[in-house]
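Chain naming here is simple, since letters A, B, ... match the order of the sequence lines and numbering starts at 1 in each.
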Protein chains: 2
Amino acid sequence: MTSNFEALFDYVQKLSGKILSAEEKQVFIAHFKPKKLRKRQYFLQEGDICKYTGFIVKGSARTFTVDEKGHEHILKLSVENWWLNDFESFYQLTPSRFNIQALEDMEILQITNALVDEFIKPIPAFSAMQNVISQNYTIAAQKRMQSAISHSGEERFQELVNQYPHFLQRFPQNMIASYLGLSPETLSRIRKNSLK
Amino acid sequence: MTSNFEALFDYVQKLSGKILSAEEKQVFIAHFKPKKLRKRQYFLQEGDICKYTGFIVKGSARTFTVDEKGHEHILKLSVENWWLNDFESFYQLTPSRFNIQALEDMEILQITNALVDEFIKPIPAFSAMQNVISQNYTIAAQKRMQSAISHSGEERFQELVNQYPHFLQRFPQNMIASYLGLSPETLSRIRKNSLK
DNA sequence: TGTATTTAATGACATAAGTCAAGTCGCAGC
DNA sequence: GCTGCGACTTGACTTATGTCATTAAATACA
């Protein structure tokens, strides 16, 4: 049962560059709760407050909105060793504008904001990890934004192929299209043309 | 001369919710260097390493890239009480992919990464401020990204009008267009149509 | 294995946005 | 007070992308 946690420990240690003591690991085990989600099950629904943040041990999920016309727009695709939450709702305890749904059966380790603050943040490796994540995230967000305002759909697709090649195997093409801000038909045509 | 620093002190105190002691203020004054930039002058050029981060006391700037066709794309517009830097280049000391140029005459307070780490980060109010900024930035980046993949040019323009109304007075329309990922002609037509 | 559901491809057409060129306006600098 | 440049608008046209409808293929699952 504890084996679930190895992925989390490895991840924290790798990103922080610090080793977790046996006592610190026990603190993680005491407060993170293992949870399973079935494919299609919702981790969060629009309008709800994101009470938990989850570390993804296995499986994948999408974060998306639904517009007035009923079209879904995927903001984030999440896989193993990423965190699952709506950052804004989780930290500010405000109703979320997003839905988060499992795309495959998932195993996560989840915890509330209050417990993070009280027990987990004081662990130096964890707060160091948070700083690294925050820095990486900022850089990635900037790149994605630059791509969005500067590049065509075809260019954005090529960048995704280069940056996350495994996404193509793992997610249906219509999800990829939505993530890129394209219609499924357009992505289908882009792929057809780029086979030359 | 010290009056320059009041804006910075106010900003740090407001965001962190902590008061700066007289000694801490002296640490800021000792390490941040006032610098003036003339309109059109570059704070950073593509390919250079962003050695400094600057707090904007007065004036404004744009962060942009130039693509193969010679078109400029504005990623960021920065005004008073914002920080001026390329985050990625500044923290990782890698050559920047961006240009940063003054749009008006500017007064900034600048400092190197090394000096921040050694003298400024240890000030509790400053590191608290950094956490708040990082959180706000992440939320803002997520909203902007959602907008980019979900909304039309017209909708993105309306969001900008609501969120940063003063930008319209302050920046030429072609800069706004570039920030929104639109051609100047398209933005001109959007404005014309939305006058109904 | 057969059947239902999801996903992908494609054609025909509509709409959004970009491009190029021309012309106007306003203003900074000589 | 000129002059020239930058900013904005507008029209004509092109290109990219979206929409709708249909069919085919892949997949889930009973």
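Ion pairing between a basic and an acidic side chain is recognised when a charged N comes within 4.0 Å of a carboxylate O; A:K14 and A:D10 show no such pairing. At a threshold of 4.0 Å, the pair B:E104-B:K58 does not count as salt-bridged, since none of the basic side-chain nitrogens sits closer than that to a carboxylate oxygen. For A:E88 and B:K143, the salt-bridge test passes: some basic side-chain N is under 4.0 Å from an acidic carboxylate O. Salt bridge annotation for A:E159-A:R144: absent, with no cationic side-chain nitrogen under 4.0 angstrom from a carboxylate oxygen.
Using the six-membered ring where Trp is involved, B:F167 and B:W82 have ring planes that are tilted, between 30° and 60° apart.
To the nearest angstrom, C1' of D:dT17 lies 8 Å from CD1 of A:I190. Between B:L103 atom CG and D:dA7 atom C1' the separation is 14 Å, expressed in whole Å. Distance A:E155 CD to D:dT15 C1': 14 Å, rounded to the nearest Å. Rounded to whole Å, atom P of D:dT9 lies 12 Å from atom CD1 of B:I176. Regarding A:F157, its CZ atom lies at a distance of 13 Å from the P atom of D:dT17, rounded to whole Å. We find that CG of B:L168 is positioned 16 Å from P of D:dA7, with the value rounded to whole Å. Going from atom CD of B:E68 over to atom C1' of C:dG18 covers 15 Å, rounded to whole Å. If you take CZ of A:R170 and P of D:dT27, they are 16 Å apart, rounded to a whole angstrom.
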Practice prompt. Would you mind building the protein contact string for nucleotides 6-16 of chain C? One character per nucleotide, 5' to 3', B for base within reach (heavy atoms under 4.0 Å), S for sugar-phosphate only, - for untouched.
Written response: -SSBBBB----
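Although no hydrogens or angles enter the test, the distance criterion places a donor-acceptor pair under 3.5 Å between the side chain of A:R156 and the main chain of A:H151.
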